[in-house]
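Okay, structure first, notes after.
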Number of protein chains: 2
Amino acid sequence: MAKTQAQAPAAPGELLAGCGVRATHQRVQVLEELAREANDATAYQLFERLRSRGEGIGLATVYRTLSLLSEQGVIDALTHRGGELCYRLCSAAHHHHLTCSECHRVVELDGCNLGDWVSTAAAAHGFTATEHQVEVVGVCSDCRAA
Amino acid sequence: MAKTQAQAPAAPGELLAGCGVRATHQRVQVLEELAREANDATAYQLFERLRSRGEGIGLATVYRTLSLLSEQGVIDALTHRGGELCYRLCSAAHHHHLTCSECHRVVELDGCNLGDWVSTAAAAHGFTATEHQVEVVGVCSDCRAA
DNA sequence: TTTAGTGCAAAAGTTTTGCATGGTC
DNA sequence: GACCATGCAAAACTTTTGCACTAAA
């Protein structure tokens, strides 16, 4: 095995260059802050963490960066009940999310086999499916114990 | 067949009484406005439509009513990419949503058979699944033709 | 009559935008 | 060196809250 590319997270600079945008200090900082977060975070939360870490980043830049990265598919945008928009640095492969309703822990679910059902169901209504996402909510083992 | 209860939408008053809240004029108006909308709508949109229809309803009441009805499960709350929170009066049965990315038409998808997959996947990570929702995005026949 | 619900307006957030300046490629 | 990206601060929105008043049960 020559490389352990499979699960190794790509470096921020590579992710940015990969989608044809400039690898600025601020964008790298946002990606690194996301990499530190196991779950997800809102734009404002990320801004506050970067500031308290001493990074001189502007709020507008955080919003602009997250929108850009989300559009480019570099990060995932997930919305919780109530409409709160959060971001997360996930694997590049197709996956879904399992979140704990108590502690908001997020786990990626691989092995989605919904493609056929989605295409068929969409076609039954005259639609051509382009994407789908599943959000599973539950209670994690820690919270169940508590 | 004595009744055609199956697909007949319940009257606003019944829906409200059914979850133990008062059937006020404003709540009935919000439900009726939702019933006129085939797709989904934001709180602010519903407020504007009711106002232009001559209903003297307050913005805060619309927000409070939609939150209440959503919590009670009387209406569905769906979030589109970008975090926009919309509401829709759907059937009571478990279902998912298929939306057109062009015209935002919404269709209910019945016959969800994801229960087993969801439980199994959640259990594999130590979670107990409590709910799940699928959002399928595609292009409807009209928009594909255009 | 009692208590829940409403309207209004103010406040509290959140997100976007304009424009001069600074940093990448 | 050209052009993209940033910071700041103001503006634009969206959503929530307090409180006196009204209406449902």
Side-chain angles (χ1 to χ4, degrees), chain A residues 11-34 40-72 74-75 77-87, chain B residues 11-34 40-72 74-75 77-87:
Chain A
E14 293 174 14
L15 284 175
L16 294 167
C19 61
V21 303
R22 291 189 180 173
T24 65
H25 180 71
Q26 289 87 341
R27 287 176 180 167
V28 170
Q29 290 303 317
V30 168
L31 277 174
E32 291 187 344
E33 192 61 50
L34 277 170
D40 56 12
T42 65
Y44 203 86
Q45 286 172 338
L46 292 167
F47 166 70
E48 287 182 322
R49 291 181 198 170
L50 286 166
R51 273 297 174 95
S52 67
R53 186 174 283 276
E55 289 296 330
I57 194 170
L59 177 58
T61 300
V62 175
Y63 275 97
R64 284 189 278 231
T65 299
L66 291 169
S67 299
L68 175 71
L69 297 179
S70 174
E71 273 177 17
Q72 297 294 327
V74 175
I75 62 178
L78 26 168
T79 52
H80 300 292
R81 304 127 287 298
E84 196 181 39
L85 184 58
C86 291
Y87 295 94
Chain B
E14 294 174 13
L15 284 175
L16 294 167
C19 60
V21 301
R22 291 188 180 176
T24 66
H25 179 72
Q26 289 87 339
R27 288 176 181 167
V28 170
Q29 290 303 317
V30 168
L31 278 174
E32 290 187 344
E33 192 61 48
L34 277 170
D40 56 11
T42 65
Y44 202 86
Q45 287 172 337
L46 292 168
F47 166 71
E48 287 183 321
R49 291 181 199 171
L50 286 167
R51 272 297 172 97
S52 69
R53 186 175 283 276
E55 288 296 329
I57 193 170
L59 177 57
T61 299
V62 174
Y63 274 98
R64 284 188 279 231
T65 300
L66 291 170
S67 300
L68 174 72
L69 297 178
S70 174
E71 272 176 19
Q72 298 294 328
V74 175
I75 62 178
L78 25 168
T79 53
H80 299 293
R81 303 126 285 299
E84 195 181 40
L85 184 59
C86 291
Y87 296 94

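Keep in mind that the numbers below use all heavy atoms, side chains included, and drop hydrogens, waters and symmetry copies. Letters A, B, ... are given to chains in the order of the sequence lines, protein chains preceding strands, and every chain is numbered from 1.
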Nearest whole angstrom, please: distance from the P of C:dT15 to the CD of A:Q45.
11 Å

Over how many whole Å does the gap from A:Y87 atom OH to C:dT14 atom C1' extend?
12 Å

Working to the nearest 0.5 Å, report the span between [atom1] of [X] and [atom2] of [Y].
X     : Y     : atom1 : atom2 : result
A:H80 : A:T42 : NE2   : OG1   : 9.5 Å
B:R27 : B:T61 : CZ    : OG1   : 9.0 Å
A:Q72 : A:L16 : CD    : CG    : 10.0 Å
A:I75 : A:L69 : CD1   : CG    : 5.0 Å
B:L59 : B:L46 : CG    : CG    : 11.0 Å

Residues two or more places apart in sequence or in another chain: which of them pass salt bridge (charged side-chain N to carboxylate O under 4.0 Å, His left out) with A:R22?
none

With salt bridge (Lys or Arg N to Asp or Glu O under 4.0 Å) as the rule and sequence neighbours excluded, what pairs involving residues 50-69 of chain B come up?
B:E33-B:R53

Comparing nearest nucleotides in DNA chain D, the 5'-proximal residue of the pair A:T61, B:A43 is A:T61

Along DNA chain D, 5' to 3', what are the outermost nucleotides having an atom less than 4.0 Å from a heavy atom of chain B?
D:dT14 to D:dA25

Does B:S70 reach the main-chain N or O of B:S67 with its side chain, forming a donor-acceptor pair under 3.5 Å?
no

Would the distance check show the side chain of A:S52 and the main-chain N or O of A:R49 forming a donor-acceptor pair, the cut-off being under 3.5 Å?
yes

Base, sugar-phosphate alone, or nothing: which one does A:L59 contact when heavy atoms must sit under 4.0 Å apart?
base

For [X], all residues meeting side-chain contact (heavy atoms from CB on, under 4.5 Å), sequence neighbours excluded:
X     : value
B:E71 : none
B:E32 : B:P12, B:V28, B:Q29, B:R36
A:L85 : A:A77, A:T79, A:Y87

Between the two end axes of the helix from C:dT1-D:dA25 to C:dC25-D:dG1, each built from 5 base pairs, what angle do you get to the nearest 10°?
50°

Tell me every residue that passes ring pair (Phe, Tyr, Trp, His ring centres under 6.0 Å) with B:F47, counting only those two or more places apart in sequence or in another chain.
B:Y44

Give, ordered by number, those residues of residues 63-71 of chain B having at least one heavy-atom distance below 4.0 Å to an atom of DNA chain C; if nothing qualifies, reply none.
B:R64

Close approaches to DNA chain D from residues 46-54 of chain B, in residue order (heavy atom, under 4.0 Å)
none

Can you give one letter per nucleotide of nucleotides 20-25 of chain C, going 5' to 3': B for a protein heavy atom under 4.0 Å from the base, S for sugar-phosphate only, - for none?
---BBS

Step by step, would you call A:L34 with A:L66 a side-chain contact (heavy atoms from CB on, under 4.5 Å)?
CA-CA 10 Å; A:L34 277 170; A:L66 291 169; 4.1 Å; yes

Would you check, one step at a time, whether the test side-chain contact (heavy atoms from CB on, under 4.5 Å) holds for B:L68 with B:V74?
CA-CA 9 Å; B:L68 174 72; B:V74 175; over 6 Å; no

